[in-house]
Asks: 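One structure follows; several queries about it will come next.
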Amino acid sequence: MDVLAVPTDRQKGWYLSLMAPNTKGPMFAWLDPSRLYCNSQALADCVKDLLSPFQNDCVDLVVGIDAMGFVLGASVATTLGKGFLAIRKAGHLCIATQSQQYTDYSGREKNMEVRLDVLKPGLRVLLVDQWIETGGTMKAAIKLVEQLGAIVVGVAAVAIENTEGGKWIKKHYKHAHCIPELLQEQMDRKHLESFNSEELKNC
């Protein structure tokens, strides 16, 4: 039995109301999307929405970004019947890797890495992450994939915020996200109106 209720009329993005607001302060992301993964129908509909723009594209491999991109990326890969490759935070892989420095959404400098024995010239890749806020992490992943000769077919995430980095990704790459146009402004303000009822429940 699923732990969260499913509405009878499932419109695009219905599952976004399952996401939970930040209750721990500014050191954390402004929301936690991962609660929607706890509902099988929500996860399935999320993946379906992410794949919709790529129905006519040839995808050889799905690549997910450490860490929450692993959940969505693996689900996308399974749905497509394709393999899954993880881009890891530096220092976790015990084989030869290529690395790339980046600045994450919190402004911290980090490094990511990927194994060298999978991405080949001409391989067509769909890049998946949970959320694109500043765009720094995804842009680094794109660079890493392209340095090894693979082709980025597109970028998919639950949300792509209209930051400078988010707009750059939308301009230069085919992309998919789950946010209806009416909710995009709320995402960019970093507050969903659905959080209001969540906060009332916790009062």
Side-chain angles (χ1 to χ4, degrees), residues 12-13 15 33-34 36-37 40-105 110-161 165-179:
K12 179 182 176 180
Y15 42 80
S34 67
L36 74 86
Y37 309 149
S40 61
Q41 189 64 63
L43 179 56
D45 286 355
C46 177
V47 169
K48 179 181 177 182
D49 289 339
L50 289 179
L51 286 176
S52 179
F54 304 107
Q55 288 179 356
N56 298 319
D57 292 291
C58 175
V59 175
D60 299 315
L61 185 71
V62 177
V63 177
I65 302 174
D66 199 343
M68 296 309 295
F70 295 170
V71 179
L72 272 184
S75 297
V76 167
T78 299
T79 301
L80 287 176
K82 301 296 180 179
F84 174 79
L85 174 67
I87 291 181
R88 300 296 311 273
K89 293 183 176 74
H92 294 289
L93 294 174
C94 62
I95 37 87
T97 61
Q98 175 114 344
S99 62
Q100 177 64 47
Q101 189 176 43
Y102 68 102
T103 303
D104 71 4
Y105 71 92
K110 295 182 178 179
N111 281 282
M112 62 174 61
E113 62 183 1
V114 69
R115 61 190 310 132
L116 295 176
D117 56 356
V118 175
L119 294 175
K120 304 295 181 183
L123 192 73
R124 297 176 62 81
V125 165
L126 178 60
L127 269 168
V128 180
D129 202 2
Q130 177 172 262
W131 204 270
I132 297 175
E133 187 170 344
T134 64
T137 304
M138 182 57 75
K139 288 171 75 173
I142 290 170
K143 188 172 183 179
L144 197 54
V145 167
E146 292 181 339
Q147 282 176 344
L148 293 171
I151 299 166
V152 176
V153 174
V155 170
V158 174
I160 305 176
E161 294 185 26
K167 289 177 180 178
W168 184 91
I169 290 167
K170 288 180 178 179
K171 179 179 178 180
H172 291 91
Y173 290 88
K174 191 171 185 176
H175 58 276
H177 60 79
C178 304
I179 310 303

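Everything quoted here is computed from the prediction, not taken from an experiment. Excluded from the calculations below are hydrogen atoms, water molecules and symmetry mates; all remaining heavy atoms, backbone and side chain alike, are included.
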Asks: Counting only heavy atoms not in K143, do more than 12 sit closer than 6.0 Å to its NZ atom?
Replies: no

Asks: Heavy-atom count check: over 12 atoms from other residues, nucleotides or ligands less than 6.0 Å from K48 NZ?
Replies: no

Asks: Determine whether L85 and R115 make a side-chain contact, defined as any pair of heavy atoms from C-beta on separated by less than 4.5 Å.
Replies: yes

Asks: Please verify the inter-ring angle class for Y173 with W168; under 30° counts as parallel, over 60° as perpendicular, anything in between as tilted.
Replies: tilted

Asks: Side-chain contact, heavy-atom cut-off 4.5 Å: V63 with V118?
Replies: no

Asks: Grab the two heavy atoms, one from A141 and one from I65, that are nearest each other, plus how far apart they are.
Replies: CB-CD1, 3.5 Å

Asks: Would you give the length of the straight line joining atom NE2 of H177 to atom CG of D49, rounded to the nearest 0.5 angstrom?
Replies: 10.5 Å

Asks: Do M112 and T137 touch side chain to side chain, with heavy atoms closer than 4.5 Å?
Replies: yes

Asks: Any non-hydrogen side-chain atom of Y15 less than 4.5 Å from a side-chain atom of C178?
Replies: yes

Asks: Please report the interatomic distance CG(L116) to OG1(T97), rounded to the nearest 0.5 Å.
Replies: 6.0 Å

Asks: Would you compute the distance between atom CE of M138 and atom CD1 of I87 and round it to the nearest 0.5 angstrom?
Replies: 8.0 Å

Asks: Please check: side-chain N/O of D60 versus main-chain N/O of R124, any donor-acceptor pairing under 3.5 Å?
Replies: yes

Asks: For residues V71 and S34, determine if any side-chain heavy atom of one lies less than 4.5 Å from a side-chain heavy atom of the other.
Replies: no

Asks: Taking D66 first and then K89, would you say they form a salt bridge - that is, a charged N and a carboxylate O separated by under 4.0 Å?
Replies: yes

Asks: Any chance you could measure H175, atom NE2, to K170, atom NZ, to the nearest 0.5 Å?
Replies: 5.5 Å

Asks: For a quick test of reading the model, state the closest non-hydrogen atom pair linking T103 to T134 and the distance between them.
Replies: O-OG1, 4.4 Å

Asks: Backbone N or O of P53 within a donor-acceptor pair of the K174 side chain at under 3.5 Å?
Replies: yes

Asks: For residues L50 and A157, report the shortest heavy-atom separation together with the two atoms involved.
Replies: CD2-O, 3.2 Å

Asks: So which heavy atom on Q101 is nearest to which on A140, and how close?
Replies: O-CB, 4.1 Å

Asks: Return the minimal non-hydrogen interatomic distance between V62 and G73, and the atom names on each side.
Replies: CG1-O, 3.4 Å

Asks: Specify the closest pair of heavy atoms between F54 and A176, including all atoms of both residues, with the distance to one decimal.
Replies: CE1-CB, 3.6 Å

Asks: Would you check, one step at a time, whether the test side-chain hydrogen bond (donor to acceptor under 3.5 Å, both in side chains) holds for Y37 with Q130?
Replies: CA-CA 11 Å; Y37 309 149; Q130 177 172 262; 2.9 Å; yes

Asks: Roughly how far, to the nearest 0.5 Å, is the CD1 atom of I169 from the CD1 atom of I132?
Replies: 4.5 Å

Asks: Quick one: CG on L80 to CG on L51, what's the gap to the nearest 0.5 Å?
Replies: 4.5 Å

